[in-house]
Novice: 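Structure provided below as structure tokens; questions to follow.
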Amino acid sequence: MTVPETLHRIPRRPWRWLPWLLLSQLLVAAAWLRLGWPVGLPLMVASHALFMVPVFLPNSRFYAPVLSRLPGSAPRVWLTIDDGPSDQTPAVLDLLDRYQAKATFFLVGERALAQPDLVRQMLARGHTLGNHSHRHPQTRFWRLGPAAMAAEIGECQKALTAITGQPPRWYRSVVGMTNPFVAPALQQWQLTRVGWSARGYDGVDCQPAAVVERIAAQLGPGAIVLLHEGAAHGHNLAIIEAVLQALQDRGLRAELPDATLS
């Protein structure tokens, strides 16, 4: 009997990067003292980049484990919809029902508290929820310190638990950015970080046809699809429907990951 692969990749060593940071800076200092600034300065810049660049790479595992695809070859995908709830949520739910599709909604805590009935509708109609921060500080999420990051993740977790009576198990970083202080909060709240493998950039001003084309090119068994609701450009409903139609045309099912575990 084979043991099924767990999807819940909760950080076990959230500070594992710290000894490497200290060691790298000791090596830089030693090189600078021995060989001078022509060698020490480039090494310092390179060492800082080594720890900075992963912050901006959505599926980087440098600071925290991430689930970016579902295991196996079954014809299923995981639809994930960020940034709600919004005024579009009822229409999104109707679309999902029409295509017999299930999704996980990664919600912003403040928005959930403002429209708790929509959050409860998501669950009542067979979908699941994820933590997408409390205030969605898009321009500064990457540089939040430990206290601010803990508050963003913790307050959203408390808000969604208060509304639904059950704590989410999934988490997605704002714009996919994950700095060194995300993992300790994930460990505290027993959250699994979720990335994606299919993305069309529908959260910003866009042309729907180009977005759907980008997503369709990345669809396949096990894909995790990133979608949004409530964006100012107003195209999210059309994009979601086109993606659902593309899944149907390819014989792929939009299922929740827990339902795929045996």
Side-chain angles (χ1 to χ4, degrees), residues 7-11 55-60 63-68 78-89 92-93 96 102-116 118-123 127-144 148-164 166-179 181-204 224-232 236 239-240 256-257:
L7 301 182
H8 298 286
R9 300 171 184 178
I10 298 161
V55 171
F56 301 99
L57 300 178
N59 289 323
S60 171
Y63 288 117
V66 62
L67 178 64
S68 57
W78 184 10
L79 289 183
T80 64
I81 303 175
D82 286 10
D83 295 355
S86 72
D87 293 340
Q88 290 184 338
T89 297
V92 172
L93 292 172
L96 294 170
K102 299 302 179 186
T104 296
F105 289 84
F106 284 89
L107 303 181
V108 179
E110 281 189 339
R111 299 171 191 172
L113 290 174
Q115 302 189 78
L118 292 181
V119 177
R120 287 188 279 266
Q121 279 186 46
M122 294 170 179
L123 290 180
H127 308 290
T128 56
L129 308 180
N131 182 322
H132 193 43
S133 84
H134 195 64
R135 299 172 186 84
H136 202 269
Q138 183 167 322
T139 60
R140 57 188 177 86
F141 186 82
W142 66 274
R143 59 181 174 86
L144 294 182
M149 185 64 75
E152 280 294 333
I153 296 173
E155 288 178 29
C156 181
Q157 193 74 357
K158 292 174 186 176
L160 297 181
T161 302
I163 293 169
T164 67
Q166 49 187 291
R169 290 188 290 177
W170 310 112
Y171 162 82
R172 174 169 284 149
S173 288
V174 178
V175 201
M177 295 182 290
T178 302
N179 77 13
F181 308 116
V182 168
L186 300 187
Q187 185 185 60
Q188 177 183 353
W189 297 102
Q190 294 293 282
L191 287 163
T192 294
R193 177 176 157 232
V194 179
W196 55 77
S197 61
R199 178 188 194 184
Y201 298 94
D202 61 325
V204 295
I224 298 178
V225 183
L226 170 62
L227 296 165
H228 293 81
E229 62 168 300
N236 288 133
I239 291 167
I240 292 171
L256 298 176

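Everything numeric in this text was worked out from a predicted model, so none of it was measured.
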Novice: Considering only heavy atoms from C-beta outward, does the side chain of Ile81 approach that of Thr104 to under 4.5 Å?
Specialist: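 No. Closest side-chain heavy atoms not under 4.5 Å.
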
Novice: With a 4.5 Å heavy-atom cut-off, do Glu152 and Leu144 have their side chains touching?
Specialist: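 With C-beta onward as the side chain, the pair touches.
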
Novice: Would you indicate whether the side-chain heavy atoms of Tyr63 and Val55 approach each other to under 4.5 Å?
Specialist: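 A side-chain contact exists here, since the closest heavy-atom pair is under 4.5 Å.
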
Novice: Stepwise, does the side chain to side chain contact (heavy atoms under 4.5 Å, CB included) test hold for Trp189 with Asn131?
Specialist: CA-CA 10 Å; Trp189 297 102; Asn131 182 322; over 6 Å; no

Novice: Is Asp202 reaching over with its side chain to a backbone N or O of Asn236, donor-acceptor style, under 3.5 angstrom?
Specialist: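 Side chain of Asp202 to backbone of Asn236, a donor-acceptor pair under 3.5 Å: no, none is there.
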
Novice: Looking only at heavy atoms, what is the nearest atom pair of Ile10 and Gln187, with distance?
Specialist: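 So the two residues come closest at CG2-CA, 4.1 Å.
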
Novice: Hey, could you give me the CD/CD distance between Gln115 and Gln121, rounded to the nearest 0.5 Å?
Specialist: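 Answer for the CD-CD pair, Gln115 versus Gln121, is 10.0 Å.
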
Novice: Side chain of Arg193, backbone of Ala64: donor and acceptor closer than 3.5 Å?
Specialist: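 Yes, because the side chain of Arg193 sits within donor-acceptor range (under 3.5 Å) of the backbone of Ala64.
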
Novice: I need the minimum non-hydrogen distance between Pro137 and Ser133, along with the two atoms involved.
Specialist: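 Where Pro137 meets Ser133 most closely, the heavy atoms are CD-OG, 3.9 Å.
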
Novice: Given the rule in the side chain to side chain contact (heavy atoms under 4.5 Å, CB included) test, do Leu227 and Ile239 qualify, once you have shown the distances and angles that lead to the verdict?
Specialist: CA-CA 8 Å; Leu227 296 165; Ile239 291 167; 4.1 Å; yes

Novice: With the side chain counted from C-beta on, respond yes when Leu160 and Leu107 share a heavy-atom pair under 4.5 Å apart, and no when they do not.
Specialist: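 Yes, at least one pair of side-chain atoms sits under 4.5 Å.
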
Novice: Does Ser68 form a side chain to side chain donor-acceptor pair (under 3.5 Å) with Ser197? I'd like the steps, not just the answer.
Specialist: CA-CA 6 Å; Ser68 57; Ser197 61; over 6 Å; no

Novice: Going by heavy atoms in the side chains, are Leu113 and His134 under 4.5 Å from each other?
Specialist: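 Yes, close enough: below the 4.5 Å cut-off.
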
Novice: Answer yes or no: is there a side-chain heavy-atom contact under 4.5 Å between Thr164 and Val119?
Specialist: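 Of all side-chain heavy-atom pairs linking Val119 with Thr164, at least one is under 4.5 Å.
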
Novice: Quick check: closest heavy atoms across Leu7 and Pro257, and the distance to 0.1 Å?
Specialist: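 Answer, listing the atom of Leu7 first, then Pro257: CD1-CB, 3.4 Å.
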
Novice: Check for a donor-acceptor pair, side chain of Arg169 on one end and backbone N or O of Gln190 on the other, with a separation under 3.5 Å.
Specialist: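 No.
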
Novice: For Ile163 and Ala112, work out which heavy atoms get closest and say how close.
Specialist: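 So the two residues come closest at CD1-O, 3.4 Å.
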
Novice: Any donor-acceptor pair under 3.5 Å linking the side chain of His132 with the backbone of Asp82?
Specialist: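 No, because the side chain of His132 does not come within donor-acceptor range (under 3.5 Å) of the backbone of Asp82.
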
Novice: Can you check whether Arg135's main-chain N or O pairs, donor with acceptor, with Glu110's side chain at less than 3.5 Å?
Specialist: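 No.
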
Novice: Measure from the side-chain N and O atoms of Ser173 to the backbone N and O of Gly176, and report whether any donor-acceptor pair falls under 3.5 Å.
Specialist: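 Side chain of Ser173 to backbone of Gly176: no pair is present.
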
Novice: To the nearest 0.5 Å, tell me how far Tyr171 OH sits from Leu191 CG.
Specialist: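 Answer for the OH-CG pair, Tyr171 versus Leu191, is 9.0 Å.
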
Novice: Between Asn179 and Trp142 (side chain of the first, backbone of the second, donor and acceptor by atom type, cut-off under 3.5 Å), is there such a pair?
Specialist: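 Yes, because the side chain of Asn179 sits within donor-acceptor range (under 3.5 Å) of the backbone of Trp142.
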
Novice: NE2/His228 to OH/Tyr201 distance, rounded to the nearest 0.5 angstrom?
Specialist: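 His228 atom NE2 to Tyr201 atom OH measures 11.0 Å (nearest 0.5 Å).
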
Novice: Classify the ring geometry between His127 and Phe105 as parallel (under 30°), tilted (30 to 60°) or perpendicular (over 60°).
Specialist: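 Perpendicular, since the angle between the ring planes exceeds 60°.
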
Novice: Distance from Ser86 atom OG to Leu118 atom CG, nearest 0.5 Å?
Specialist: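 Separation between the atoms: 8.0 Å.
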
Novice: Calculate, to the nearest 0.5 Å, the distance between atoms CG and CH2 belonging to Leu256 and Trp170 respectively.
Specialist: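 Rounded to the nearest 0.5 Å, the CG-CH2 separation comes to 9.5 Å.
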
Novice: With a 4.5 Å heavy-atom cut-off, do Lys102 and Leu96 have their side chains touching?
Specialist: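 Not in contact.
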
Novice: Using the side chain to side chain contact (heavy atoms under 4.5 Å, CB included) rule, take Ile153 and Phe181 through it: C-alpha gap first, then chi angles, then the decisive distance, then the call.
Specialist: CA-CA 11 Å; Ile153 296 173; Phe181 308 116; over 6 Å; no

Novice: So, for Gln166 and Leu123, which heavy atoms are closest and what is the spacing to 0.1 Å?
Specialist: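 Nearest pair, atom of Gln166 first, then Leu123: NE2-CD1, 4.0 Å.
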
Novice: How close do Ala183 and Pro11 get, heavy atom to heavy atom, and via which atoms?
Specialist: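 Of all heavy-atom pairs spanning Ala183 and Pro11, the closest is O-CG, 3.9 Å.
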
Novice: Between the side chain of Arg172 and the main-chain N/O of Gly195, is any donor-acceptor distance below 3.5 Å?
Specialist: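 Judged by distance alone, yes, a pair lies under 3.5 Å.
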
Novice: Taking the side chain as everything from C-beta on, heavy atoms only, tell me whether Arg199 gets closer than 4.5 Å to Val225.
Specialist: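 Arg199 vs Val225: side chains apart.
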
Novice: Could you state the interatomic distance from CD1 (Ile224) to OG1 (Thr80), rounded to the nearest 0.5 Å?
Specialist: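 These two atoms lie 7.0 Å from each other.
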
Novice: Between Gln157 and Pro168, is there a donor-acceptor pair closer than 3.5 Å when you use the side chain of the first and the backbone of the second?
Specialist: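 Side chain of Gln157 to backbone of Pro168, a donor-acceptor pair under 3.5 Å: yes, one is there.
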
